[in-house]
2 protein chains.
Amino acid sequence: MKHQEAAENLREYLKNGNHRVTPERFIVLDAALDFKEHFSADELYASMKSSKLKVSRATVYNTLDLLADCSLLTVRNFGDKMKRYESSFSKQSHDHLICINCGKIVEFTSEQVGEIYKNVCSKLGFEPVNYSFNIFAKCKNKEKCPHLNEK
Amino acid sequence: MKHQEAAENLREYLKNGNHRVTPERFIVLDAALDFKEHFSADELYASMKSSKLKVSRATVYNTLDLLADCSLLTVRNFGDKMKRYESSFSKQSHDHLICINCGKIVEFTSEQVGEIYKNVCSKLGFEPVNYSFNIFAKCKNKEKCPHLNEK
DNA sequence: ATTGCTGCAAAACGTTTGCACCTAT
DNA sequence: ATAGGTGCAAACGTTTTGCAGCAAT
């Protein structure tokens with residue numbers, strides 16, 4: 001258990017929610033928090049598989065939902081068909097710019113967006129839950145795009 | 001051909017891009033622009049089918065991509081697995097708030113978001129292409145959510 | 001005549017589900 | 001003892017693809 005604090009949070013959440021405290025859930029948590037950057041459920045599953053961590057695909061998917069529910073992971077949607085997850089720890093809140101040449105994801109922060117988010121909710125009479133702000137853009141010199149030839 | 005101006009744009013785009021000017025493409029265009037609000041590819045296909053418009057599913061999917069490429073349609077992604085499209089005409093640019101109780105989509109406008117979008121791109125050295133700003137929220141009184149029992 | 005487009009069905013893809021077994025409570 | 005979770009494979013829903021025939025150029 002590399003991520004003690006997160007594990008404590010998870011344990012708490014499980015107990016309060018009539019969920020069982022199973023070893024698989026902590027294995028997935030550890031693997032997810034180890035994953036640098038954003039990952040999809042299947043990427044995590046594949047990575048765990050190759051690390052000989054024996055948790056089924058269904059459990060990985062289920063557990064990721066759970067970890068998102070208890071805010072240990074944040075869900076991201078970059079316009080393709082896969083959900084992405086990222087650790088909620090160790091990083092201030094941020095948004096994403098996706099390069100449409102190469103798929104590279106650049107993170108940026110803007111406090112203003114968070115304010116707009118709250119203002120819109122209060123103006124429309126909704127309780128804020130979450131928001132997603134993604135920018136799609138391309139390098140100004142297409143040829144220079146550092147990742148253009150990666151995929 | 002109900003949407004003359006759009007059809008002209010499409011014809012232009014097709015000719016410039018080594019695409020053929022086929023009747024199917026204009027049928028899909030018309031149906032798409034007739035569709036109020038946001039729609040998925042399959043919703044449009046189903047609706048066209050029940051209107052006896054005989055265009056295959058593959059052609060609907062291909063044509064929607066094409067129409068998005070030439071900016072007659074705008075692509076939206078609301079965090080579920082389906083892409084949504086909407087007419088780029090007749091509406092000022094806007095963003096979306098999605099009710100997580102009922103799925104209802106509320107549109108709002110904020111000029112500030114557009115500015116942030118451009119600023120971030122120029123600061124990071126990217127050419128702006130597009131952005132998506134989605135707010136996920138819920139009605140303050142869950143019981144009152146007008147669409148809660150719809151699905 | 002060429003080559004891109006269409007329609008159809010089949011495949012692909014990420015994700016969810018059904019079910020029998022297991023295990024935390 | 002009993003929900004709830006797990007693993008596996010099969011199903012799912014959306015989208016893409018392969019291919020033979022067709023039609024715009």
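Because the structure is a prediction, the values reported are computed rather than measured. Each chain gets a letter, A, B and so on, in the order its sequence line appears, and its residues count up from 1. Computation of the quantities below employed the complete heavy-atom set of this structure, encompassing side-chain atoms and omitting hydrogens, waters and symmetry-equivalent molecules.
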### Query
To the nearest 0.5 Å, how far apart are CG in A:Asn130 and CD1 in B:Ile135?
10.0 Å
### Message
Which heavy atom of A:Asp80 sits nearest to which heavy atom of A:Asn77, and what is that distance?
### Response
O-OD1, 4.1 Å
### Query
If we fit an axis to the first five pairs and another to the last five of the helix from C:dA1-D:dT25 to C:dT25-D:dA1, what angle do they make, to the nearest 10°?
30°
#### Entry: Taking every non-hydrogen atom, the tightest pair across B:Phe39 and B:Glu43
CA-OE1, 3.2 Å
### Summary
Between A:Cys99 and B:Phe126, the two heavy atoms sitting closest are CB-CE2, 4.0 Å
### Query
Can you list the residues that meet the ring-ring contact (aromatic ring centres under 6.0 Å, His included) rule with B:Tyr61, with sequence neighbours excluded?
none
### Message
Would you say that more than 12 heavy atoms from the other residues, nucleotides or ligands in this model lie under 6.0 Å from the CD of A:Glu107, or not?
### Response
yes
### Message
Rounded to whole Å, please give me the gap between CZ in B:Arg84 and P in D:dG13.
### Response
15 Å
### Message
Rounding to an integer number of Å, can you tell me how far A:Glu43 CD sits from C:dG14 P?
### Response
9 Å
### Task
Can you tell me the distance, in whole Å, between the NZ atom of B:Lys81 and the C1' atom of D:dG13?
5 Å
### Query
Please walk me through it: do B:Ser88 and B:Thr74 pass side-chain hydrogen bond (donor to acceptor under 3.5 Å, both in side chains)?
CA-CA 6 Å; B:Ser88 303; B:Thr74 306; 2.9 Å; yes
### Query
B:Arg25 CZ to D:dA23 C1': how many Å, rounded?
12 Å
### Task
Could you tell me the separation between the NZ atom of A:Lys83 and the P atom of D:dT14, rounded to a whole number of Å?
15 Å
### Query
Quick one: what's the B/S/- string for nucleotides 19-25 of chain C, heavy-atom cutoff under 4.0 Å, read 5' to 3'?
----BBS
## Note on the structure
Taking every heavy atom of A:Leu33 against every heavy atom of A:Leu72, the minimum-distance pair comes out as CD2-O, 4.4 Å
### Value in whole Å for how far the C1' atom of C:dA12 lies from CG of A:Asp42
13 Å
#### Entry: Interface residues of residues 59-80 of chain A with DNA chain D (non-hydrogen, below 4.0 angstrom)
A:Thr59
#### Entry: Pairs meeting criterion salt bridge (charged side-chain N to carboxylate O under 4.0 Å, His left out) with involvement of residues 16-35 of chain B, two or more places apart
B:Lys2-B:Asp34
### Task
Give the rounded distance in Å between these two atoms: CG of B:Leu14 and P of D:dA24.
13 Å
### Task
Report the distance from atom CG of B:Leu44 to atom P of D:dT14, rounded to the nearest whole Å.
14 Å
### Sub-4.0 Å heavy-atom contacts from residues 48-58 of chain A onto DNA chain D, ordered by number
A:Lys54, A:Val55, A:Ser56, A:Ala58
### Query
Want to settle it: does A:Asn18 or B:Met82 sit nearer the 5' end of DNA chain D, counting the closest nucleotide to each?
A:Asn18
### Query
Taking the six-membered ring for Trp, are the ring centroids of A:Phe26 and A:His3 within less than 6.0 Å of each other?
no
#### Entry: Check: B:Val28 and B:Leu53 side chains under 4.5 Å, non-hydrogen atoms
no
### Query
Just checking, any donor-acceptor pair under 3.5 angstrom between side chains of A:Glu86 and A:His94?
yes
### Query
Any salt bridge between B:Glu8 and B:Arg11, counting N to O under 4.0 Å?
yes
#### Entry: B:Tyr131 and B:Tyr117 aromatic ring geometry - parallel, tilted or perpendicular at 30°/60° bounds
tilted
